[in-house]
Number of protein chains: 2
Amino acid sequence: MNIPVNLPLTRKLSTFVALSKAELALLDHLHQRNRFFSAGRDMVHQGQSGQAAYVLMSGWVCSYKLQPDGTRQIVDFQIPGDFLGLRSVLLRTSDHSFEPIVDIEAAEVLTEDLLEAFAQTPRLATAILWAASRDEAMVVEHLVGIGRRDAVVRIAHFLLELGSRLALVGLGDTKGYDCPLTQYHLADALGLSAVHVNRVLRQLREAGLVTFREGHVRFHDLDRLVKLADFDPAYLDHAGPLLK
Amino acid sequence: MNIPVNLPLTRKLSTFVALSKAELALLDHLHQRNRFFSAGRDMVHQGQSGQAAYVLMSGWVCSYKLQPDGTRQIVDFQIPGDFLGLRSVLLRTSDHSFEPIVDIEAAEVLTEDLLEAFAQTPRLATAILWAASRDEAMVVEHLVGIGRRDAVVRIAHFLLELGSRLALVGLGDTKGYDCPLTQYHLADALGLSAVHVNRVLRQLREAGLVTFREGHVRFHDLDRLVKLADFDPAYLDHAGPLLK
DNA sequence: CCTGCCGACTGCTTCATGTCAGTCATGCAT
DNA sequence: ATGCATGACTGACATGAAGCAGTCGGCAGG
């Protein structure tokens, strides 16, 4: 067996269950056709149906909902190793849109292949269901954040969560990570105005906690940041890769 | 075949797929033991695991998360016919707590029975998965509401959504519905303070739109309320029982 | 009968965020 | 060069919502 094609996904699932060589191979065969999408051009529009599912190989995507008044709410970001549109395929409900934030590469996953893999190896099925349920838990956590945390804590928490997710797939560590999001993305995700996001980022920077600049997030004082944000990575994984 | 035991659930699923007599019978056999829980006493605590799933027969429940600072965020309310803890059983993750709002009756659903039913009738499985995905869509919609709607619209939207859900199981109509929630429940669900909920409810009442009082919600001008809230029931069901 | 609690309700003050209206630097197309 | 995006950043001002500090009525318990 060679190195798996989709390192991020394999790595993510492996932290949850140890997968055998056969299972890893199966995971590999799951994604055949690789497709490319350009930044800023919607992959799936709200209300559209009959879409394929993907595993994100490289790049970032956001899933969002548009409001009648023109504002948008970003529900979640997808990073390499994340599934994209899994629910909409299994349950044919696609109630939000997906937009690549940078140019991306995504491996198409055929529904039948997925179901077959499920039937063949329960362990792999478990792992994938775990990933799906983690995504849901993240949405819930996101809801809590918007409802009950003020802007500073919300942003701090968000940056830590992202870091934790990225660390899990080898794209970040306790020092920081690359992050192509604009302050508008943060605003739309966190229910704030871009202006206020800017102010809060400055506060965090001046407090010597974290810097978000030029596509890079750098942690200056992780411990204090974690304490400020009340960050508990338990809902993301049982290890907590960002915090040892 | 007699009248199904759990009328609300049957009614809800039937609006999505027409179920055969055999499927209805199977649905009936799914819930055997009925259990009772008292208002205010947690059924499931945060972090607990190995719990059973239930179908709510009567009464209301809320699922919520507690913050380290003591505030809580209600993620969702369950009304008769809703599943309770389905995810935590299937995926063993129970990351929030459940609290009965009034005394409730809930039918225990055994995991094996559920899986067997799934295997036997794909149509029933589809219906149940639809219900689960609808719950998820509601959480997302909830997220959008808290992130991008102001208090008036948020509350109006919430009351309409609840009405729509209740109408689906025969517990409400275009006139209104019974609702045991306190203003504190609304506040915790909508990310507001109870005081502000009170003020906004007054506004809505004085504008002649809707009254929330003494455990009863009464719509005075449904059309204007729907317009104010930008309410689109499409994500709840394909018919939209509240709006004809 | 009092006492205490809870939920609904209100006025006043404070503060967190949003809105408006810009500047500045960068990159890209012409 | 010029023009025109876009993203980061800022100050002044407006406002929605929170916090505080109550009142009031209903209801359960001693």
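Below, chain A is the first sequence line, B the second, and so on; all start at residue 1. As a basis for the values below, the full set of heavy atoms in this structure was taken, side chains included, without hydrogen atoms, waters or symmetry mates. Just so we're clear, the structure is a prediction, and the values are computed from it rather than from any experiment.
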Next on the checklist: Using a heavy-atom cut-off of 4.0 Å across all strands, would you classify A:Thr182 as base, sugar-phosphate, or nothing?
Outcome noted: sugar-phosphate
Checklist entry - Centres of the A:Phe77 and A:Tyr64 rings: under 6.0 Å? => result no
Checklist entry - Does A:Arg205 reach the side chain of A:Arg213, with side-chain heavy atoms less than 4.5 Å apart? => result yes
Checklist entry - What's the CG-P distance between B:Asp188 and C:dG7, to the nearest Å? => result 12 Å
Checklist entry - How long is the line joining OH of B:Tyr184 and P of D:dA18, in whole Å? => result 13 Å
Checklist outcome for this item: When the rotation axes relating C1' atoms of four end pairs to the next four are compared across the helix from C:dC1-D:dG30 to C:dT30-D:dA1, five pairs an end, they differ to 10° by 30°
Checklist entry - Taking only N and O in the side chain of B:Asn198, is any of them less than 4.0 Å away from OP1 or OP2 of C:dT10? => result yes
Checklist entry - Where do A:Ser38 and A:Pro100 come nearest, in terms of heavy atoms and distance? => result O-CG, 3.5 Å
Item to check | Interatomic distance, B:Gln203 CD vs D:dG16 C1' [rounded to whole Å] | outcome: 10 Å
Checklist entry - Which value, rounded to the nearest 0.5 Å, describes the distance between B:Leu228 atom CG and B:Leu204 atom CG? => result 7.0 Å
Checklist entry - Counting only side-chain N and O atoms of B:Arg149, is one of them less than 4.0 Å from OP1 or OP2 of D:dG16? => result no
Item to check | Closest listed nucleotide, where the reference is the side chain of A:His196 and the choices are C:dT17, D:dA17, C:dG7 | outcome: C:dT17
Checklist entry - Could you give the distance from CZ (A:Phe158) to CZ (A:Arg149), rounded to the nearest 0.5 Å? => result 12.0 Å
Checklist entry - Which is true for A:Ala151 with a 4.0 Å heavy-atom rule: it touches a base, it touches only sugar-phosphate, or it touches nothing? => result sugar-phosphate
Polar-atom pairs under 3.5 Å, protein N or O versus N or O of nucleotides 20-23 of chain D: list them with distances, or write none.
none

Next on the checklist: Which residue in the set B:His216, B:Arg218, B:His220 passes side chain to side chain donor-acceptor pair (under 3.5 Å) when paired with B:Thr211?
Outcome noted: B:His220
Item to check | B:Glu206 CD - C:dC9 C1' separation (whole Å) | outcome: 12 Å
Next on the checklist: Distance check, rounded to the nearest 0.5 Å: B:Leu162 atom CG versus B:Met138 atom CE?
Outcome noted: 8.5 Å
Next on the checklist: Could you tell me how far apart A:Gln183 (CD) and D:dC9 (C1') are, to the nearest whole angstrom?
Outcome noted: 8 Å
Next on the checklist: Using OP1 and OP2 only, check whether a side-chain N or O of B:Arg213 sits under 4.0 Å from C:dC9.
Outcome noted: yes
Next on the checklist: If I take atom CD1 in residue B:Ile146 and atom C1' in nucleotide D:dA17, what distance separates them, rounded to the nearest angstrom?
Outcome noted: 14 Å
Checklist entry - So does B:Glu214 have more than 12 non-hydrogen atoms from other groups sitting under 6.0 Å from CD? => result no
Checklist entry - CZ of B:Arg134 to CG of B:Asp82: how many Å apart, nearest 0.5 Å? => result 6.5 Å
Checklist entry - So B:Thr182 and B:His185, side-chain hydrogen bond (donor to acceptor under 3.5 Å, both in side chains) or not? Walk me through it. => result CA-CA 5 Å; B:Thr182 70; B:His185 285 122; 3.3 Å; yes
Checklist entry - Rounded to whole angstroms, how far apart are CG on B:Leu186 and C1' on C:dG7? => result 12 Å
Next on the checklist: By the 4.0 Å heavy-atom rule, please label B:Arg154 as base, sugar-phosphate, or nothing.
Outcome noted: nothing
Checklist entry - Given atom CZ of A:Arg202 and atom P of C:dT17, what is their separation to the nearest angstrom? => result 15 Å
Checklist entry - Counting any heavy atom closer than 4.0 Å, what does B:Gly191 reach on the DNA or RNA strands: base, sugar-phosphate only, or nothing? => result sugar-phosphate
Next on the checklist: Considering every strand and a 4.0 Å limit on heavy-atom distances, what is the contact class for B:Leu201: base, sugar-phosphate, or nothing?
Outcome noted: nothing
